[in-house]
Amino acid sequence: MKKSWLWLASMLLVLALFLAACGGDKKEEDKKEDDQTEQKEDEKDNDKEDETQGDEEPTKGGTLVYSINTAPSGPLDVNFYGSSTEAEVWQFVQENLITFDENFVPQPKLIDWETEDFKTYKFTMKQGVKWHNGDELTVHDWVLALETLADADYKGSRWSNVRDIVGAQEYRNGEADEIAGINVINDYEIEIEFVSAKVNNLINLWTYPMNRTVFGDMPVAEMEENKNIREMIIGTGPFKMKNTQTDEYYEMEKFADYWGGEPYLDGVTVRVVPDTSIIGALQNGEVHMTSIHPSLGKDVEAMDGVSVITYPGVSYYYIGFRLGRFDHDQNKVVDQYDKFQNKQLRQALWYAINREEWVAEFFGGYGTVINAPVPPVHWIAADASELPNQYEYNPEKAKQLLDEAGYVDVDGDGLREDPDGNPFTITFNHYATGNPDFETRAQLIVQYWQEVGIDAKLEMIDVGLYYEGLEKNDPVGDEPPFDTFFGGWSVGADPDPTGLWSNEGTYWNFPRFDNEKSEQLMADAIDLEVIGLDEDEQFKKRKELYVEWQQLINEEAPMIIIANLDEVYAASDLVGGLEYDVTGFNTANNWYLKQN
């Protein structure tokens with residue numbers, strides 16, 4: 001059994017941060033460059049490319065050094081973590097009960113299941129799986145995790161992954177001592193009933209356990225500050241925590257009783273190495289493997305003894321238009337700002353950007369220009385030929401659309417006024433982290449718009465204030481804050497885009513897009529009365545609906561989709577046993593260090 005941890009790590013953070021919005025499976029990708037984007041975990045043994053040389057025999061022993069570019073800022077435990085850097089630590093220690101195939105469809109791993117109605121599921125757990133403290137994994141450990149996330153004292157963002165279980169809300173409100181929809185049959189069998197039948201109930205369910213010996217008697221309010229949550233985490237994965245030095249390194253030793261097979265490596269050390277030092281650390285052999293920013297790929301390619309590993313990613317970058325206002329009390333989009341209501345204006349700004357040039361310049365060419373908010377590797381992705389607009393770089397067409405929309409230069413100063421003859425200025429907002437490349441790439445976007453006559457300017461905002469503003473800054477008035485902004489998302493196992501695009505229940509809809517047809521298509525794609533109970537028919541019907549939804553987004557242009565980025569890793573040629581595909585890497589118990 002192989003698993004590709006980092007993908008599902010990102011899916012979990014998506015489920016953590018994004019499902020609160022509505023039950024989708026995506027993640028805000030803007031932090032990719034300042035705390036390394038999460039990728040996938042847990043994939044079945046599919047046709048992964050193999051980095052192993054020929055039929056060489058794996059070597060036992062040694063410690064692999066894996067680096068992250070910033071230190072974790074919160075708890076490491078999967079049930080409480082909040083950023084991708086934390087996931088890059090727990091990936092070696094903790095693991096999901098389920099896995100996903102190459103189409104991101106849930107598959108059995110440590111649990112199997114059956115359902116007849118997509119409302120009630122019976123799960124059967126694999127027997128003999130050991131925790132790092134020697135306990136056997138049982139369904140009671142899973143129940144503890146579900147009850148923890150449903151507890152009123154749980155302050156993490158994963159309540160959304162349990163709220164659809166019958167009785168979860170009453171448990172959270174203190175009206176019940178247990179979650180009514182959870183029925184433990186025995187140590188290895190459990191039934192879970194959901195409030196309603198939905199095609200994505202399983203994929204949105206939290207499927208990570210918590211060890212009862214460590215946490216069973218601990219008040220939930222005290223868990224997040226406990227050392228077994230923050231640093232010395234416990235799991236069932238191939239490596240167990242040995243020692244940590246906060247902000248510097250995290251040492252792990254192999255777990256000889258790992259259910260998937262004893263690891264070849266003696267251990268793994270995760271070290272914090274900033275981007276400014278990673279090239280030297282790789283060259284000197286101080287780091288064996290790391291996820292790198294695409295802009296560093298060419299530097300790594302030039303090294304001896306170090307290889308660049310790439311595979312198609314599930315993330316994309318975009319430029320959003322702040323179309324409307326989200327009322328945080330009513331929890332829905334309530335108004336539309338006038339500034340970007342003209343579709344031709346939005347489309348013109350898309351045509352004005354040379355996306356191929358931009359990706360080549362700032363991401364080393366490790367990416368592909370796309371025209372819909374779904375990366376091409378995902379099973380719901382529309383073929384490029386199915387989309388009404390290709391948005392190739394065409395400044396002349398951009399000028400034509402602007403003219404047709406009434407944005408013309410009426411006073412001869414070289415800058416276009418709005419249709420009423422008033423000055424028209426666009427502010428492009430981008431987060432600032434101290435990396436000067438961010439401002440350079442953002443300024444190029446501004447330059448593209450200026451070249452078609454738009455009075456555009458750049459505003460760099462501290463990354464913390466940036467995210468807070470995108471989420472919460474929705475004033476009443478005529479002028480939108482963050483009128484255009486840079487962002488990104490990862491598409492996860494559940495393709496349902498509701499949590500990012502619905503006009504109600506989610507402030508993660510940063511453009512504040514409000515479109516009746518979009519709402520209906522998203523609702524239909526998870527409605528069992530529309531897509532049916534047969535799984536083959538579900539896939540077919542959902543694909544049709546999501547293609548139509550992508551066509552709508554492509555035409556309406558509530559955001560400019562820039563590119564789908566590749567996942568880029570650097571690995572020493574001493575590392576053997578690596579296998580990967582679009583879902584990520586195999587489990588680290590299969591990795592080893594070759595002898596020099």
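Side-chain atoms are counted along with the backbone in the values below, which use heavy atoms only and exclude waters and symmetry mates. Start at 1 with the first residue, then count along the sequence.
Under the 30°/60° scheme for interplanar angles, the aromatic rings of Tyr466 and Phe482 are found to stand perpendicular.
In this structure, Lys472 fails the cation-pi test against Tyr467, since its NZ or CZ atom is not both closer than 6.0 Å to the six-membered ring centre and inside 45 degrees of the ring normal. Figure legend: cation-pi geometry between Arg512 and Phe510 absent, as NZ or CZ is not positioned both under 6.0 Å from the six-membered ring centre and within 45° of its axis.
For Ser315 against Pro375, the heavy-atom pair with the smallest separation is N-CG, 4.1 Å.
Partners of Gln443 according to the side chain to side chain contact (heavy atoms under 4.5 Å, CB included) rule, which considers only residues two or more places apart in sequence or in another chain, are Val446, Leu458. With sequence neighbours left out, Lys457 forms a side chain to side chain contact (heavy atoms under 4.5 Å, CB included) with Thr425, Thr427. Legend: residues meeting ring pair (Phe, Tyr, Trp, His ring centres under 6.0 Å) with Tyr366, ordered by chain and number and at least two apart, are absent. With sequence neighbours left out, the ring pair (Phe, Tyr, Trp, His ring centres under 6.0 Å) criterion links Phe321 to Phe340. Taking Phe485 as the reference, nothing meets the ring pair (Phe, Tyr, Trp, His ring centres under 6.0 Å) condition, with sequence neighbours excluded. Considering only residues two or more places apart in sequence or on other chains, Lys298 meets the salt bridge (Lys or Arg N to Asp or Glu O under 4.0 Å) condition with Glu301.
The ring of Trp549 has its center closer than 6.0 angstrom to the ring center of Trp501. Two rings, from Tyr317 and Phe486, have their centers less than 6.0 Å apart. Between Tyr208 and Trp90, the distance separating the two ring centers is shorter than 6.0 angstrom.
Between the side chains of Arg355 and Asn371, at least one donor N or O sits under 3.5 Å from an acceptor N or O.
Under the 4.0 Å criterion applied to side-chain N and carboxylate O atoms, Glu555 and Lys343 are assigned as salt-bridge partners.
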